[in-house]
Amino acid sequence: MTALEVADWRRQVFALYERVRATPDPAEGHAVWRTERDRLFAQHPSTPVMEADLPGFTGLPVEPYDPAWRFEVEIEEAEPAHFDFETGTDGIVPFDRLGIAVVPGVGSLDVWRLTSYGGGLFIPVRDALAGRHGGTYGGGRYLVDSIKGALLQSSATSLVLDFNFAYNPSCAYDPAWACPLAPPGNRVPVEIPVGERYFGSH
């Protein structure tokens with residue numbers, strides 16, 4: 001893929017989340033999200049789906065929308081923490097903990113801030129279905145990755161965390177990608193049955 005193809009992928013993902021945020025009904029926004037992601041994954045030159053897998057690709061395995069899994073949460077203070085993610089292409093990607101988000105019935109999730117160029121919020125989640133056949137991706141899924149455009153509503157102190165929009169990182173489809181996975185503070189002991197599933201063996 002070329003740099004311009006990657007830039008176009010990013011542009012379209014940002015535009016997609018803008019459409020979702022502008023849709024008053026979250027379930028309708030979710031339907032738009034599913035349809036457009038299926039189109040991008042099937043047709044765009046920068047799709048993370050491996051070329052050998054594209055002929056059999058019929059859409060991403062996303063569960064039906066359940067409004068019970070949408071939350072607006074405050075970002076609460078937490079002790080400073082840091083982790084570095086080493087990639088083969090971008091070097092060390094540093095993250096500082098901005099705070100925590102306590103989600104009813106789910107648990108506490110660390111809210112991370114990318115401290116290198118561009119900034120951004122990052123909230124992965126690894127649930128009890130991770131790594132199980134027909135469950136979720138073993139390394140966890142992404143709820144928020146604002147530097148890539150993946151952000152629902154937010155304010156200065158709160159975030160909308162809608163687990164129906166949890167999605168797999170690119171490395172779930174192609175091991176050539178290097179993706180930050182869920183650190184210990186983003187692993188929860190409950191099953192989260194909504195969002196994108198994973199039917200591979202990871």
Could you give the distance from [atom1] ([X]) to [atom2] ([Y]), rounded to the nearest 0.5 Å?
X      : Y      : atom1 : atom2 : answer
Thr23  : Trp33  : OG1   : CH2   : 13.5 Å
Tyr198 : His133 : OH    : NE2   : 11.5 Å
Leu129 : Asp127 : CG    : CG    : 4.5 Å
Leu152 : Glu72  : CG    : CD    : 11.0 Å
Glu76  : Ser108 : CD    : OG    : 7.5 Å
Ser170 : Trp177 : OG    : CH2   : 5.0 Å

Carefully, step by step, assess His30 and Phe165 under the rule ring pair (Phe, Tyr, Trp, His ring centres under 6.0 Å). CA-CA 7 Å; His30 187 255; Phe165 290 85; 5.1 Å; yes

If I compare all heavy atoms of [X] with all of [Y], which pair ends up nearest, and what's the gap?
X      : Y      : answer
Pro189 : Ala128 : O-CB, 3.5 Å
Gly29  : Val20  : O-CG2, 3.6 Å
Phe83  : Pro183 : CE2-CG, 4.1 Å
Cys171 : Leu181 : SG-CD2, 4.2 Å
Asn186 : Ala182 : O-CB, 3.9 Å

Centroid-to-centroid, Trp9 to Phe41, below 6.0 Å?
yes

* Is it true that Phe95 and Phe85 have ring centroids separated by less than 6.0 Å? -> no

Any heavy-atom pair between the side chains of Phe122 and Pro124 that's under 4.5 Å? yes

Keeping the roles fixed (side chain from [X], backbone from [Y]), state whether a donor-acceptor pair exists under 3.5 Å.
X      : Y      : value
Arg126 : Gly138 : yes
Ser158 : Glu74  : no
Gln153 : Arg21  : yes

### Task
Over 60° means perpendicular and under 30° means parallel, so classify the ring planes of Tyr167 and Tyr142, tilted if in between.
perpendicular

Joining Ile, Leu, Val, Met, Phe, Trp and Tyr whenever any side-chain heavy atoms lie under 4.5 Å apart, the cluster holding Val188 also takes in Trp69, Phe71, Val73, Ile75, Leu98, Val103, Val106, Leu109, Val111, Leu121, Ile123, Val125, Leu143, Val144, Leu151, Leu159, Leu161, Phe163, Val190, Ile192, Val194

Residues joined to Ile100 in its hydrophobic cluster, side chain to side chain under 4.5 Å directly or through other members, sorted by chain and number, are Val102

With sequence neighbours left out, the residues meeting side-chain hydrogen bond (donor to acceptor under 3.5 Å, both in side chains) with Arg97 are Asp110

side-chain hydrogen bond (donor to acceptor under 3.5 Å, both in side chains) filter on Arg37, not counting sequence neighbours, yields Glu196

So the salt bridge (Lys or Arg N to Asp or Glu O under 4.0 Å) pairs with at least one residue in residues 38-58 (sequence neighbours excluded) are Glu36-Arg39

The complete set of salt bridge (Lys or Arg N to Asp or Glu O under 4.0 Å) pairs with one or both residues in residues 153-180, sequence neighbours excluded, reads Arg70-Asp162

query = Under a 4.5 Å side-chain heavy-atom rule over Ile, Leu, Val, Met, Phe, Trp and Tyr, are Val160 and Leu16 clustered together?
reply = yes

Review point. Taking it one step at a time, do Thr136 and Arg197 satisfy side-chain contact (heavy atoms from CB on, under 4.5 Å)?
Key: CA-CA 5 Å; Thr136 56; Arg197 301 298 279 265; 4.1 Å; yes

Subject >> side-chain contact (heavy atoms from CB on, under 4.5 Å) evaluation trace for His44 with Asp8 >> reply: CA-CA 9 Å; His44 198 281; Asp8 184 70; 2.8 Å; yes

>> Let's go through Thr47 and Leu40 carefully: what are the C-alpha distance in whole Å and the side-chain angles of both, what is the deciding distance for side-chain contact (heavy atoms from CB on, under 4.5 Å) to 0.1 Å, and is it a yes or a no?
In response: CA-CA 7 Å; Thr47 176; Leu40 281 169; over 6 Å; no

Q) How far apart are the C-alpha atoms of Arg132 and Glu191, what are their side-chain angles, what is the distance that settles it, and do they pass the salt bridge (charged side-chain N to carboxylate O under 4.0 Å, His left out) test? A) CA-CA 11 Å; Arg132 290 164 48 179; Glu191 296 183 358; 3.0 Å; yes

ask   = Got a salt bridge between Glu28 and Arg19, using NZ or NE/NH1/NH2 to carboxylate O under 4.0 Å?
value = no

